[in-house]
Amino acid sequence: MTPEQQRHAEQLAFVASGAELEIGTPADCPLPLDRLISVRGDEPWVRERFDGGLTAQVYRVHADGRDWTLKRARARCKVQKLDGQTSFLNEIQRRADLRALKRDPSLAERLESIVDTRYASYRHGVLLSPWIDGTPIQAWSERQLLQLFDTLVALLLGGLFEWDLCPGNTLDDGQVRLFDFGYMYRFDPLCAFNSNGTATPQFHAAERFETRQYFAHLLVLETQGEAAALAAFELEKRIAIEAYRQLRAALAKRGASGEVLHWLDSIGQQWTQGLKAGGEALYLKEAWRSHWLDLQDDLHGQTCTASTLARIDWLQATVEHRYRDLQAVAAVVPADLLLARLRKARRLAVRWQLASPRA
C-alpha cells in the first residue's frame, strides 16, 4: 500500500467509525457552539460571508470584541477527488499537529505565521480561528518570499508537506500567513521527499508554490515584458536555493538518508546551473512544468477558473512558437498530440468553471 493509499484508508476508516476529532472545547468558543453550527450568514454577528470555498463555507464573525474566521464544512465538497472529500477531516488533523509543533521551541517562532485554532469539531463541521486582517498577495516581494520559504522549511522540518499553496491560501498582514491545511499531509523528512515517500521526487515545497501560485503571477508579469518576469523568477529561485541549503543542513544534522540529501543537492545544483546560464532555459522548464501540472490538478478536481484558461493559453502558445526550445528542457510528446490534448483540456476547463475560492 502506498503512503497515499494508507492515508486514504485510515481517513475513510475514521469517517466510518463515527469517532469525533476535536481541538479545544465548546467552552473555548466566543459564541455558543449551537449558533456556530446553525449559522446562515444573516445573523447580526456575521460580518461577511464567503461562498467560494470548495470544502467549506467561510464566515467572518464578530464576538468577544474581535473578528473570527468560521469555517462550516460543506455537506458535499466541490472537489470531486477523494482528497477533496476528506479535506475537512485532514485540516483538523493537521491543525492538531500544528498546535503541537508550535509548542516545539525549535520551531515555534518560525511557525507564528501559521494561523492558530480556537476550536474545531469534525462531527459538527466547525472550525474557528482568529480572523487574519490581511490581503491576498498580488505581487510577491523579496520580503514576502523570504517569509514564505522560512515557514515552508519549518513545516518540512516538522514533518508536514503542504500541497496546495494556491493564491487563496496565502494572506499578508505584514507577515505572509498560511491558514488552510486541507491538503497538508504528514511525512518523515529524514527518509521521504514528500507525503508520497520517495515515489514522486518531482514534487517539493518550491515546486508546489511555483505550480500552484507563483507562475500564475509570472504569467501576468510576462505581459509587461520577459525581463520583468525573468527578474522575479530569479529572485524567487535565489531565495529557494538558500532555503533548501538550510533545509539540507538541518536534515543532515538530524541524520537524514543519503537519498534525501542527494535529492536536495540535485535540485539546488539544477537551479544554480540554470541561473548561471542566464535563467531563460530554466524559466521555460519550470514554467512548462508548473502550468501543465496545475492544469492537470484543476481538471482532475473539476475545479477550473479563469487562471486555468490563461495557463492553457500559455501552454498552447509555447507549443506553437517554442516547441524546439521546449524539447531541449522537457520530455514532451509530439506537438500535434500536445495541441490536441490542450484543445480537449480547454473544453473541459470551460465546462468546469468555478468562482475563485477564498477558503
Under a 4.5 Å cut-off applied to non-hydrogen side-chain atoms, are Glu91 and Lys71 in contact?
-> yes
With Phe215 as reference, evaluate Trp314, Trp288, Phe233, Phe209 under the side-chain contact (heavy atoms from CB on, under 4.5 Å) test and give the passing residue.
-> Phe233
Counting heavy atoms not belonging to Glu226, are there more than 12 under 6.0 Å from its CD?
-> no
Report yes or no: does Glu259 contribute a side-chain atom to a donor-acceptor pair with the main-chain N or O of Ser257 at less than 3.5 Å?
-> no
Across all chains, not counting sequence neighbours, the salt bridge (charged side-chain N to carboxylate O under 4.0 Å, His left out) partners of Asp133 are none
Side-chain contact test, heavy atoms from C-beta onward, threshold under 4.5 Å: evaluate it for Leu293 versus Glu207 and give yes or no.
-> yes
SB check Arg341 Asp336 (cutoff 4.0 Å) = no
Residue set satisfying salt bridge (charged side-chain N to carboxylate O under 4.0 Å, His left out) with Lys102, at least two apart, ordered chain then number -> Asp116
Fit a plane to each ring of His204 and Tyr244, take the angle between them on a 0 to 90° scale, and name the class: parallel (under 30°), tilted (30 to 60°) or perpendicular (over 60°).
-> perpendicular
Are the side chain of Asn90 and the backbone N or O of Asp83 linked by a donor-acceptor pair below 3.5 Å?
-> no
Between Thr151 and Ser113, is any side-chain donor less than 3.5 angstrom from a side-chain acceptor?
-> yes
State plainly whether the residues Arg289 and Glu286 are in salt-bridge range, i.e. N to O under 4.0 Å.
-> yes
Answer with yes or no whether the side chains of Gln246 and Glu242 bring together a donor and an acceptor at under 3.5 Å.
-> yes
Determine whether the side chains of Thr2 and Arg7 contain a donor N or O and an acceptor N or O closer than 3.5 Å.
-> no
Check whether any side-chain heavy atom of Leu264 lies under 4.5 Å from a side-chain heavy atom of Arg245, and answer yes or no.
-> no
Quick one: are Pro26 and Tyr119 in side-chain contact, heavy atoms under 4.5 Å?
-> yes
Side chain to side chain donor-acceptor pair (under 3.5 Å) assessment of Gln269 paired with Gln273 | CA-CA 6 Å; Gln269 289 167 6; Gln273 292 169 4; 5.1 Å; no
If only atom types and distance count, is the side chain of Gln147 paired as donor or acceptor with the main-chain N or O of Val176 below 3.5 Å?
-> yes
Compare all side-chain heavy atoms of Leu146 with those of Glu142 and state whether any distance is below 4.5 angstrom.
-> yes
Kindly check if the number of other-residue, nucleotide or ligand heavy atoms within 6.0 Å of CD (Gln202) is above 12?
-> yes
Exercise: do Gln11 and Thr86 side chains pair donor with acceptor under 3.5 Å = yes
For Asp298 and Thr308, test the side chains for any donor-to-acceptor distance below 3.5 angstrom and give the result as yes or no.
-> yes
List the atom of Pro3, the atom of Ser195, and the distance in Å for their closest heavy-atom pair.
-> CB-O, 3.3 Å
Give a yes or no on whether the ring-centroid distance for Tyr59 and Trp68 is below 6.0 angstrom.
-> no
Dump the intermediate steps for salt bridge (Lys or Arg N to Asp or Glu O under 4.0 Å) on Arg40 and Asp42, then the final yes or no.
-> CA-CA 6 Å; Arg40 298 182 308 275; Asp42 58 356; 2.9 Å; yes
Between Glu112 and Gln175, is any pair of side-chain heavy atoms under 4.5 Å apart?
-> no
So with a 6.0 Å cut-off around CZ of Arg35, is the heavy-atom count from everything else above 12?
-> no
Salt bridge (charged side-chain N to carboxylate O under 4.0 Å, His left out) with Arg238: which residues, sequence neighbours excluded?
-> none
Is any side-chain heavy atom of Leu101 less than 4.5 Å from a side-chain heavy atom of Leu160?
-> yes
Ignoring hydrogens and angles, tell me if any N or O in the side chain of Arg118 forms a donor-acceptor pair with the backbone of Asp28 under 3.5 Å.
-> yes
Under 3.5 Å, is there a donor-acceptor pair between the side chain of Arg99 and the main chain of Thr117?
-> yes
Does some side-chain heavy atom of Phe181 sit less than 4.5 Å from a side-chain heavy atom of Ile114?
-> yes
